[in-house]
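Take a look at the structure set out below.
Just so it is clear, the values below take in all heavy atoms, side chains as well, and ignore hydrogens, waters and symmetry mates. Order of the sequence lines sets the chain letters (A, B, ...), proteins ahead of strands, with each chain counted from 1.
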Number of protein chains: 2
Amino acid sequence: MVSTPLIPGLPATIAWENDCLSILDQTRLPQETAVEKLTTAEEVWRAIHELRVRGAPAIGVAAAYGLCVAMRASLHLPMSEFRARLVAQAAYLDSARPTAVNLSWSLKRMIQAAQASSAGDPTSLLSALVDEAITIHHEDRALCDGIGEHGVALITEGCGVLTHCNAGALATTGLGTATAPIYKAHDAGTRFRVYADETRPLLQGARLTAYELQQAGVDVTLITDSMAASIMAQGLVDLVIVGTDRVAANGDFANKIGTFGLAIVARHFGIPFYVACPSSTLDLQTATGREIVIEERRDDEVTHLYGQRIAPENMKVRNPAFDVTPYELVTGFITERGIVKRPFERNLAALFAMEGDAA
Amino acid sequence: MVSTPLIPGLPATIAWENDCLSILDQTRLPQETAVEKLTTAEEVWRAIHELRVRGAPAIGVAAAYGLCVAMRASLHLPMSEFRARLVAQAAYLDSARPTAVNLSWSLKRMIQAAQASSAGDPTSLLSALVDEAITIHHEDRALCDGIGEHGVALITEGCGVLTHCNAGALATTGLGTATAPIYKAHDAGTRFRVYADETRPLLQGARLTAYELQQAGVDVTLITDSMAASIMAQGLVDLVIVGTDRVAANGDFANKIGTFGLAIVARHFGIPFYVACPSSTLDLQTATGREIVIEERRDDEVTHLYGQRIAPENMKVRNPAFDVTPYELVTGFITERGIVKRPFERNLAALFAMEGDAA
C-alpha cells in the first residue's frame with residue numbers, strides 16, 4: 001500500500017492498495033475531490049490522455065501501475081505471449097501523451113524489469129512488475145524530497161517566488177518538483193510569498209497549484225499568466241521555479257505553454273529562473289529542444305471552459321500544450337542530486353552519468 | 001443619427017438616434033448581440049464601469065453622449081444651477097474608470113463646449129452639448145481612419161500580426177485603433193494572418209477581437225496569452241500592434257494587462273512593436289508611466305468565469321486591469337497624423353503641439 005496523502009484534506013494523487021490502482025481526478029479539482037479506480041489498460045490510457053492524472057512524474061508512476069493493471073487480463077496466456085502482450089501494452093500506454101519523457105522512461109523500466117526477471121509464469125512476472133512499479137513510486141517521492149532539500153536554500157525570508165502550471169505535489173506522488181523547495185521552506189518557518197500563474201488553457205495553476213499551496217497554508221496569490229511582467233516590475237518576484245516534462249542534453253527543456261515567455265520576462269528583469277528537474281525527466285538521448293515533440297491539443301480547450309463557449313463559433317485556434325525554453329534563459333536545474341549550473345551540457349551529463357543509480 | 005454599423009452583422013458599438021443613446025453590450029458577446037438603451041447618468045456610469053461599453057475611444061464617445069443624457073433630467077433648473085449640475089455630472093461619469101485618458105478628455109471637451117456656448121437656457125445649452133458629442137463621435141471615426149491609413153503599409157503580403165485585448169472596431173466607433181491598419185490591409189486585398197491573444201481575465205481578445213475579425217473575413221487565429229512566445233519562436237509573427245488607454249509624454253503607455261510582457265517577448269525576438277494611438281489618448285500632462293493610475297479590479301474576474309468558479313474559494317488574487325509598458329520597448333506610435341518614431345518625447349509633443357486641431 002502506497003497512498004499516504006501529503007496535502008491535508010486531499011487524497012493521494014495515485015494510490016496502490018490491495019492491488020488496486022486509483023487516482024485523484026485532477027480535472028475536477030478544486031470543485032470536487034473525486035477518486036477514480038482504473039481497472040483496464042483503456043481506462044489508464046484515457047486517464048492520462050485526458051489529464052485526470054497529469055504532471056510528468058505522476059504520469060510515470062501511473063503508467064507503471066497501469067501496465068500491471070493492464071496485464072492482469074492476460075494472466076491466462078502462455079509466458080511467451082504474456083511477454084509479447086506486455087511490450088504491446090507498454091507501447092499502447094506510451095501513446096497516451098507525447099511530450100513528457102517520464103511516461104516512456106517508466107514504461108521502459110518496467111519492460112527492463114520484466115526482461116531481467118527469471119519468473120517462470122505470468123503470475124510471478126506480474127508480481128515482479130508490481131514490485132518495480134512500487135519502487136518507481138517510492139523513488140518518485142524520494143526525488144521530490146531531494147529536490148526540496150537542494151532547492152530550499154534558494155527561498156529566503158521575505159522573498160517572492162513565482163511558479164507556472166502545476167509542478168506540485170499533485171503532479172507527483174511526493175512534495176512536487178517546483179513546489180518541493182516551497183514546502184520545505186514553509187516547513188522550516190521561512191516567511192515568503194508565492195505567485196501562481198493560472199496557466200491557461202487548462203488552469204492547472206489556478207485549480208491545482210493555488211489549491212494545494214493554499215491547503216498547506218503557504219501564502220499564495222493567484223494571477224493570470226499575463227500579469228507576471230507587471231508583478232515582476234513591482235519588485236515582488238525574486239525567483240522563478242518551474243517544472244519540466246523533458247530536459248534535453250543541452251539544457252533546453254519542455255514545460256507547460258507559457259514557460260518560455262515567462263523565462264524571457266524573468267531575464268528582462270534579471271530574476272533568477274530555476275527548473276526543478278528530477279533525473280527521470282532528463283533525456284540525454286535528445287540533443288536539443290528542437291527534437292522535442294510538442295503535443296498540440298484540442299481546440300475546445302481554448303474556446304471553451306467547463307463547457308461554456310468563450311470564443312466565436314468555428315474559431316481557428318492554436319493549442320500547443322508545451323513550449324521549449326532554450327537553456328540560455330535557465331539559471332540552474334534543481335535536481336535531487338544538487339543544483340546544476342552551466343555549462344549545462346557537461347554538468348547535466350556528469351551528474352547523471354550513472355543513470356539508473358537513482359536516489 | 002450616428003449609428004452605421006461597420007462590422008457586418010453587428011450593431012454599432014454606440015448609437016445616437018432620435019436623441020437616444022444605446023450601446024452594444026460587449027460583456028455578452030460573442031454569445032449574444034444585445035443593444036442596451038442608456039437613459040440616466042447612473043446607467044451610463046454603470047455601463048462604463050462594468051465594461052458593457054469599453055475601449056478607451058468608445059468610452060470617450062459614450063461619456064460625451066452620456067453627459068447629454070444625464071443633463072436631460074435637469075432642464076427645469078435655472079441656468080446657473082444647470083451649469084453647476086453639468087460640472088458635477090461630468091465629474092461623476094469621470095469616476096467610472098480611472099486609467100483611460102479618453103474618459104476625462106471627452107468630458108473636459110464637453111465642459112469647455114458648454115463654457116464657450118452663449119446659450120441662454122438649458123435646452124439650448126443641451127443642444128450645443130449634443131452637437132459637441134456628435135462632433136467627438138465623428139472625430140473618433142476619423143481618428144481610426146487616419147490610424148488605418150498610416151499603419152496599413154506596415155502590413156505586407158504574407159506577414160503575421162499579433163494583437164492583444166481588443167483595440168478593435170468594438171473599442172471605438174470606427175475601424176478600431178490597432179485593428180484599423182488590419183481592416184485597411186484586408187480591404188486592399190493583402191493576404192496576412194492575425195493572432196489574437198485571448199486576454200485574460202475578461203477575454204476581450206477571444207470574445208471581441210477574434211469575433212470582429214472573423215466576421216470581417218480576416219484570417220484570425222485565437223491563442224492564449226501564454227502562447228505568444230511559442231508562436232513568435234516559430235517565426236509566425238512579423239509585427240505586434242496593440243492599442244492604449246493613455247500615453248505619457250515620454251512614450252510610456254498603459255494598456256490591457258499583459259501588454260508589457262508581450263512587448264518584452266517581442267523585443268527578445270526582434271519583432272517590431274507598434275502602439276496605435278489616436279491623439280485623444282496622448283496625455284502630455286502625465287510625464288511618465290509611473291504617474292498613471294492603474295485600475296485594480298474585482299477578484300472574481302480572475303477566480304470566476306461566467307459565474308463558474310475556476311480557483312479555490314477564498315483565494316488571494318491580484319487583478320490589475322492594465323500595465324505600463326516603458327517607451328524603450330516601443331518601435332513606434334501609429335497616430336492619425338503619421339507614425340511617431342524616436343525620440344518619442346520630442347516627436348509626440350511636436351506632432352500634437354496643436355492639440356484640439358484634430359483631423
Starting at CD1 of B:Ile310, measure out to CG of A:Leu203 and round the result to the nearest 0.5 Å. 5.0 Å
So OG1 of A:Thr224 and CD of B:Glu301: to nearest 0.5 Å the spacing works out to 10.5 Å
Applying a strict 4.5 Å limit to non-hydrogen atoms, the region of B:Leu29 in contact with chain A is neither
Return the minimal non-hydrogen interatomic distance between [X] and [Y], and the atom names on each side.
X	Y	value
A:Pro312	B:Ala206	CD-O, 3.1 Å
B:Val302	A:Glu198	O-OE1, 4.3 Å
A:Pro30	B:Ala311	CG-C, 3.7 Å

Most chain A-contacting option - heavy-atom pairs closer than 4.5 Å, from B:Leu208, B:Asp219, B:Ile223: B:Asp219
Side chain proximity check, [X] to [Y], heavy atoms < 4.5 angstrom:
X	Y	result
A:His268	B:Val265	no
A:Ile264	B:Ile264	yes
B:Thr199	A:Ser226	no
A:Gln308	B:Gln308	no
A:Leu305	B:Tyr306	no
A:Asp323	B:Met227	no
A:Gln234	B:Arg318	yes

What part of A:Ala228 is in contact with chain B, defined as an atom under 4.5 angstrom from a non-hydrogen atom: side chain, backbone, both or neither? neither
Side chain from CB out, backbone as N, CA, C, O: work out which of these in A:Leu329 comes under 4.5 Å of a heavy atom of chain B, or both, or neither. side chain
With a sphere of 6.0 Å drawn around [atom1] of [X], does it hold more than 12 non-hydrogen atoms of other residues, nucleotides or ligands?
X	atom1	answer
B:Arg191	CZ	no
A:Glu32	CD	yes
A:Arg290	CZ	no

Heavy-atom pairs under 4.5 Å with chain B - which of [options] has more of them than the others?
options	value
A:His164, A:Met232, A:Met315, A:Gln31	A:Met315
A:Leu262, A:Asn319, A:Thr259	A:Asn319
A:Gln215, A:Gln214, A:Arg267, A:Arg207	A:Gln214

